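Proteins come first, then strands; the chains are lettered A, B, ... in the order of their sequence lines, and each starts at number 1. Quick caveat, the model's predicted, so the values are computed rather than measured. Keep in mind that the numbers below use all heavy atoms, side chains included, and drop hydrogens, waters and symmetry copies.
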Number of protein chains: 2
Amino acid sequence: MEKLITVLGEIKALFNRSLSELSIDCVVFGFHDDQLKVLLLRTKGSDSWMLPGGWILKTENLEDAAYRILKERTGLDSIFLQQFQTFGANNRYNGKEIMARLGLPPEQNFFPERAVSVGYYALVEYSLVEPKTDFFTEECRWWDIGEIPELLFDHNDIASRALRALRKQFDHEALGFNLLSEKFTLIELQRLYETILGLEKDKLDRRNFQKKILSYGFLERLEERKTGGAHKAPYLYRVDPEKYAIYQRENEL
Amino acid sequence: MEKLITVLGEIKALFNRSLSELSIDCVVFGFHDDQLKVLLLRTKGSDSWMLPGGWILKTENLEDAAYRILKERTGLDSIFLQQFQTFGANNRYNGKEIMARLGLPPEQNFFPERAVSVGYYALVEYSLVEPKTDFFTEECRWWDIGEIPELLFDHNDIASRALRALRKQFDHEALGFNLLSEKFTLIELQRLYETILGLEKDKLDRRNFQKKILSYGFLERLEERKTGGAHKAPYLYRVDPEKYAIYQRENEL
DNA sequence: TTATCATTGTGTCACAATCACACAATGGTG
DNA sequence: CACCATTGTGTGATTGTGACACAATGATAA
């Protein structure tokens, strides 16, 4: 009982330092074993999963809040982050429901009746992430994009909109290198594209894909080759940051 | 003085029925005389212009609020509306500043210190709009996109982001028919595209443009021709709603 | 040590999309 | 009724994309 009071106190304190009617939800994408993954959290003492999210401090820029939240969950500092949509259905959220989910007394609800959420998606390097739980949750782990369970609130909707926005962006801009390690082979990049665009393996023609990507001119072929696998060792590539910036500028607007 | 108290009371009443930390700002585009226009409002007793906007009622869906705000300003019911970005810089807005702008005593400020705003852009038929002022403003009129004055808050930023989002969408999807009257000539459509994309007149090749647009298959050529102008009378076209819906579905995702 | 074989690296051809361009028909204007 | 800016239409050139084949490589297994 005493513990419950402490918990309530801490949440209230956090809450008083934040904007109350507004939250941020993040869809964090990772890539592993040729599969697209999303980072999810399980709330304490329940089977309910949700997207990582949080509140915006009263003095904090919206985008800074998103970066902070991501850093708290993944340990990562520099992350590819994109705001994609704001969700404001009047029934998407319910203060009392949150209290109940957290095992707190609903009649003591101090959350607002209503909250709007700004959706961000992030692209991170799977192997660098150390999933961390927060105050409300006891498990944080990757889920395959095809096996996402039923989530709290409208988080299933947010996740699927994020994927759609991601695909749209992939369709007309070369990106996603944040999902791979610094050095990668072209076939790894191709698998990434096929996975994100929802295509089957080798749907993209290997030769045409490589020609196209290389024609952008921002990939640098290293002397090094990727060894270890069977068969001929492929070259490793990396993104040349300066040339990539030029490409992005030319591709803007 | 008595009037001031009444004003304050009315604003407070409206405000109490709304979410306080969140607002909506709309960039309403119209097309007239081969120029792209934006609807702006001038606040009472000042030279300060701003975008039409408003608050979200506590029980109201975000999108419904945007439609309501637009209807209040333009008189129009069915409008092409698109959420494009949410603006949350911590210094973008200041409650006391609003009070001062409205000629109200800043020390009685009841607006929050901070507010985040969801940006929508709208495409409307210029000739159908009857600009209406609201409680805070005494003038509402169209401005040429190239002559937008300095606006309150971060509204210049919002407006230019809206234009950028609009151009991006135009780049890979046929739309914008909402900006023309129901029946239009292909050259009018071409001027619209050139204006929105920021191209000079006749930059697009007339023949290729018409071929491309018609190849989408949702424009219907009418028997009617547009008379009145000098020279040969061009055919009028209109959008076939069913075929347009098919085109949009095929073009999705 | 060497044959095997899945995989890598590269070039060419066919087709589709886009671009550049010309000329006859039209219908107010003077 | 001659004029002329504008409309309606078609064709060849250029570019971009998609389909496809073959020699080189290097770990694996005989």
Fill in the blank from the handout: A:Leu214 atom CG is separated from C:dT10 atom P, nearest whole Å, by 9 Å
Practice task
Establish, yes or no, whether a centroid distance under 6.0 Å links the rings of A:Phe170 and A:Tyr193.
Solution key: yes
Enumerate all atom pairs, one protein N or O and one N or O from nucleotides 9-15 of chain D, separated by less than 3.5 Å.
from   : atom 1 : to       : atom 2 : distance (Å)
D:dT11 : O4     : B:Lys211 : NZ     : 3.3

Handout entry: Residues B:Glu194 and B:Lys203 bridged, charged N to O under 4.0 Å
Key = no
Exercise for the section: Return the value, rounded to whole Å, for the distance between atom OH of A:Tyr216 and atom C1' of D:dT17. Expected result: 11 Å
Exercise for the section: Would you tell me whether A:Thr86 and B:Thr86 have side-chain atoms, one donor and one acceptor, within less than 3.5 Å of each other? Expected result: yes
Problem - Between A:Gln35 and A:Asp144: side-chain donor-acceptor atoms closer than 3.5 Å - result: yes
Practice task
With A:Arg92 as the cation and A:Phe87 as the aromatic partner, state whether NZ or CZ is under 6.0 Å from the six-membered ring centre and within 45° of the axis.
Solution key: no
Handout entry: Set of residues satisfying ring pair (Phe, Tyr, Trp, His ring centres under 6.0 Å) with respect to B:His32, sequence neighbours excluded
Key = B:Tyr126
Exercise for the section: Whole angstrom is fine here: how far is it from CG in A:Leu186 over to C1' in C:dT10? Expected result: 13 Å
Practice task
Please work out if A:Ile187 contacts a base, only the sugar-phosphate, or nothing of the nucleic acid, heavy-atom cut-off 4.0 Å.
Solution key: sugar-phosphate
Practice task
Rounded to the nearest angstrom, tell me the gap between atom NZ in A:Lys226 and atom C1' in C:dT7.
Solution key: 14 Å
Practice task
Take the protein atom CG of A:Asp202 and the nucleotide atom P of D:dA19, then report the distance between them rounded to whole Å.
Solution key: 13 Å
Exercise for the section: Look at B:Arg191 together with B:Asp202 and state whether they make a salt bridge at an N to O cut-off of under 4.0 Å. Expected result: yes
Problem - Euclidean distance, atom NZ of residue B:Lys212 to atom P of C:dA17 [Å, nearest integer] - result: 11 Å
Completion exercise
Each nucleotide of nucleotides 25-30 of chain D classed B (base within 4.0 Å of a protein heavy atom), S (only sugar-phosphate) or -, in 5' to 3' order, makes BSS---
Practice task
Could you check how far CD of B:Glu188 sits from C1' of D:dT6, rounded to whole Å?
Solution key: 14 Å
Handout entry: Rounded distance in Å - CG (A:Leu222) to P (C:dG9)
Key = 12 Å
Practice task
May I ask you to check whether A:Gln169 and A:Tyr121 show a side-chain donor-acceptor distance below 3.5 Å?
Solution key: yes
Practice task
State, with a plain yes or no, whether a side-chain heavy atom of B:Tyr120 is found less than 4.5 Å away from one of B:Val27.
Solution key: no
